[in-house]
Colleague: 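Take a look at this one; I'll ask things after.
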Amino acid sequence: MFRALLLLALTLTCVIVAGHNEQALGSTDGVTSIFQPQSQPAQEIKETSLLVLAVCGTIFFVVAGLLVYAIVRFRHRAGDELSEPPQVYGSNQIELAWTILPLLIVFVLILVTARTIADIQNRKPPSGAVKATVIGHQWWWEIRYPELGIVTANELHVPASDGSGSRPTFLKLQSADVAHSFWVPVLAGKTDLIPNRENLMWIEPTKPGTYLGNCAEYCGTQHARMLIRVVVHSPDEFERWTNEQQQAASAETNAAEGRKVFFANSCVNCHTIKGTSSQGKFGPDLTHLMSRETLAAGAAPNTPDNLRQWVRDPQKIKVGCLMPNMQLTDEEVDQVVSYLQTLK
Ligand code: CUA
């Protein structure tokens, strides 16, 4: 019994500590523990879960304590065989108590949970709220800001709600193929992205920084490399980011060769580069590719070397991903990479 309890305690500790130490690519000042919320509604969810945890923990220790007490106090002793223990049969008080008490506890938990859910779901976007559409793909995130005219991938940029006012971000969640789930533990609970359906959620972080999340619904081979980064900016920084992203692709001409290779291949069938004839919709928008921290939804940091490897053979970095090996020569790979590097 003692060993089992110890094992349980150790396992729980491991689970909680592991949540704090999750490693991630690139720079981040966010941890992914649900116990360190950095935003509503994660804060409210944490308070509710702590209450539930406290109630369940108390019940666990009372029951386990009584069990240990009974095991020790009434253990087998020499001479026990000679007499029979007192025979107890039925007790209305005890049976009423252990029926009514749990009913009351469950009722309280239902009320508290329902209040939290209602609070979160009934929030209406205030004027000035940022609106974004997040579309799950195998295996990356398309992120659109219809009102701002911005399309990007895998990095959701939002303003912080600081002293100057509340500016939450409201998300419409959709899927282009199978079910995915959007989960950034320090910002909000998880919400599924389901084909032919639109789900809603909102976040309201107050502290600038990068917060990490994962797809939380198994969606195929590369489900594990479908990472989300939420970059929270101060309001001024967010304006700057918005202005940059609204620009068409840079028209730098120093990578003309690579540009030619890119447009001569089927890259254009899948990727959009704003302001060019490349208007494909299957893959991530590349207009400002170099402004993103990672490639392939967090599979690798966005460095020139990784970009080269990715263009040469995406399957090496992300087995099974839907971008094929384009069979480019080494020279063509270098040229395409120089072109992509102009997309700042
Ligand atoms: Cu998308 Cu798992």
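When a ligand or atom number is given, it counts from 1 through the structure's own listing order.
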Colleague: So, are Asp330 and Arg312 salt-bridged, with charged N and O less than 4.0 Å apart?
Modeller: yes

Colleague: Verify the ring-centre separation between Trp183 and Tyr211: is it less than 6.0 angstrom?
Modeller: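 Judged by ring-centre distance (under 6.0 Å), Tyr211 and Trp183 do not meet the cut-off.
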
Colleague: For the pair Tyr145 and Phe238, name the ring-plane relationship: parallel under 30°, tilted 30 to 60°, perpendicular over 60°.
Modeller: tilted

Colleague: Can you check whether Asn306's main-chain N or O pairs, donor with acceptor, with Thr303's side chain at less than 3.5 Å?
Modeller: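 Yes: the side chain of Thr303 pairs with the backbone of Asn306.
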
Colleague: Looking at His180, which of its N, O or S atoms is the nearest one to atom 1 (Cu) of ligand 1?
Modeller: ND1

Colleague: What is the name of the N/O/S atom in Glu217 that sits closest to atom 2 (Cu) of ligand 1?
Modeller: O

Colleague: At atom 2 (Cu) of ligand 1, what angle lies between atom ND1 of His223 and atom SG of Cys215, rounded to 10 degrees?
Modeller: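 Here the angle at the metal atom is close to 120°, to 10°.
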
Colleague: I'd like to know if atom 1 (Cu) of ligand 1 has an N/O/S atom from Cys219 within less than 2.8 Å of it, counting both backbone and side-chain atoms.
Modeller: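 Yes.
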
Colleague: Is there an N/O/S atom in Tyr218 that lies less than 2.8 Å from atom 1 (Cu) of ligand 1?
Modeller: no

Colleague: Do Gln341 side-chain atoms and Pro304 backbone N/O form a donor-acceptor pair below 3.5 Å?
Modeller: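 Not confirmed, Gln341 side chain does not pair with Pro304 backbone.
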
